[in-house]
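Single-structure report; data block below.
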Amino acid sequence: MEKPYEKRGYMTEDFSRKKVIVAGGGAAGMMAAIIAARNNHEVILLEKNNKLGKKLYITGKGRCNITNACEMEELFHNVVTNSKFLYGAFYTFSNYDLITFFEELGLKTKIERGNRVFPESDKSSDVISALSRELNRLHVDVRFEQEVDRILIESNTFKGVVIKNNSEILYGDKIIIATGGLSYKATGSTGDGYEFAKAMGHTITKCNPSLVPMNIKEIEKIKELQGLSLKNIEIKITSKKKEIYRDFGELLFTHFGVSGPVILSASSYCIPYMENKDLALSIDLKPALTLEQLDDRVLRDFGEFSNRQFKNALDKLLPHKLIPVIIALSFIDPEKKVNLITKEERIRLVNLLKGLTFHITSFREYNEAVITKGGIQVKEVNPSTMESKLVSNVFFAGEVLDLDALTGGFNLQIAWSTGYIAGSAV
């Protein structure tokens, strides 16, 4: 039987097809745009830069650590803030789903130390190219140098956006805000999303640079250590004698203080304590040895070099650059013959090697931070859809939310997963 709308050749209208605006062309924004387009929506992706994935391009030192191939339990363990909020997102689009997603786009991946996942080519540009090709295939309308000035809300519902510079009004049914945080401002992360959310009545938790190097008080005493990388060391950070972080790995001395993987991860936990102004960093240079075992090791070295001066007896124990600093901090005369060093002096040296201590004065700025700690309060966002609980048809994804994790691909996984959920839900 002929249907009324078929009599004159009318096409049926797809009422499920929406006009979706995505603000931000980073990891979360590109993922959201792809998934929304795959669900047959008309998608417009607005990017304030002249290219997509500007921050993605520099992640992992230009190699792009896209995720971490760990088990789900470890994935949650590495999320520092609001991990429970991500339960649905991670299980809906997991790290393994992401690897499959990229391989289906023709991007081969590899797993390295610490389960870090990289493109096989070691080029972040290949990750961006794979996403760009898919956006193009899906006919996503990508508009460069288009910065959202403000978001139009009527009757507590999204209506459209005003474009900066030309004041063009772009109307739409849904918006996904994936504008990033405040870290690496040169990439376009200038906190726009926080302002949009605040204007809608959302709470923005206190923002700080995170996964960031640290300034130390004693920098003048250790300037000669600049560029020295210490591997297989253990750090402990305390505040008012309370241990707040401990980790094992690699540390780098810089012209201002310390950096490296263990320091960046430590910053995520230390930020709330920074106001106390008494953060102490203790470095165990020989974590595989107990105090007694290290004392025995030092005794053996001293026995072997018994006629040498102290300053020439530590080559087997320490990197060359570190020796003058350790000698100075040990208060042992560098000219003193090793066989004349007292037990008290030797024990002092051993304790120094097990607890080389500095005092953290501050963290570096956003331009050196991998991510922003803080953002849109997740209690005001539906974790199943990433939709605002305050304004209809407004969704959030990525770093703009109050979510952060440790280094190793975990923050990008947050971006991919929340972007996927938002793109699926619009």
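The analysis underlying the following values was restricted to heavy atoms, covering all of them including side chains, and did not include hydrogens, waters or symmetry mates.
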Do [X] and [Y] sit within salt-bridge range, that is, some charged N less than 4.0 Å from a carboxylate O?
X	Y	result
Lys373	Asp402	no
Arg246	Glu234	yes
Glu387	Lys174	no
Glu195	Lys198	yes
Glu335	Lys311	yes
Asp301	Lys316	no

Does [Y] offer a backbone N or O that forms a donor-acceptor pair with the side chain of [X] under 3.5 Å?
X	Y	result
Asp295	Leu291	no
Trp416	Ile66	yes
Ser417	Phe90	no
Thr179	Gly193	yes
Lys110	Asp122	no

Going from OG1 on Thr254 to NZ on Lys223, what distance comes out if it is rounded to the nearest 0.5 angstrom?
->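 The OG1 atom of Thr254 sits 11.5 Å away from the NZ atom of Lys223.
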Spatial distance of atom OG (Ser121) from atom CG (Leu107) [nearest 0.5 Å] =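 Ser121 atom OG to Leu107 atom CG measures 6.5 Å (nearest 0.5 Å).
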According to the interplanar angle, ranging from 0 to 90°, do the rings of Phe302 and Phe310 count as parallel (below 30°), tilted (30 to 60°) or perpendicular (above 60°)?
->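 Phe302 vs Phe310 ring planes: perpendicular.
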With under 30° as parallel and over 60° as perpendicular, where do the rings of Tyr87 and Phe76 fit, or are they tilted in between?
->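 If you compare the ring of Tyr87 with that of Phe76, the planes turn out parallel.
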Between Phe196 and His202, does the ring centroid distance fall short of 6.0 Å?
->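 When the ring centroids of Phe196 and His202 are compared, they turn out to be at least 6.0 Å apart.
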Are Tyr269 and Asp247 close enough that some pair of their side-chain heavy atoms sits under 4.5 Å apart?
->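 No. Closest side-chain heavy atoms not under 4.5 Å.
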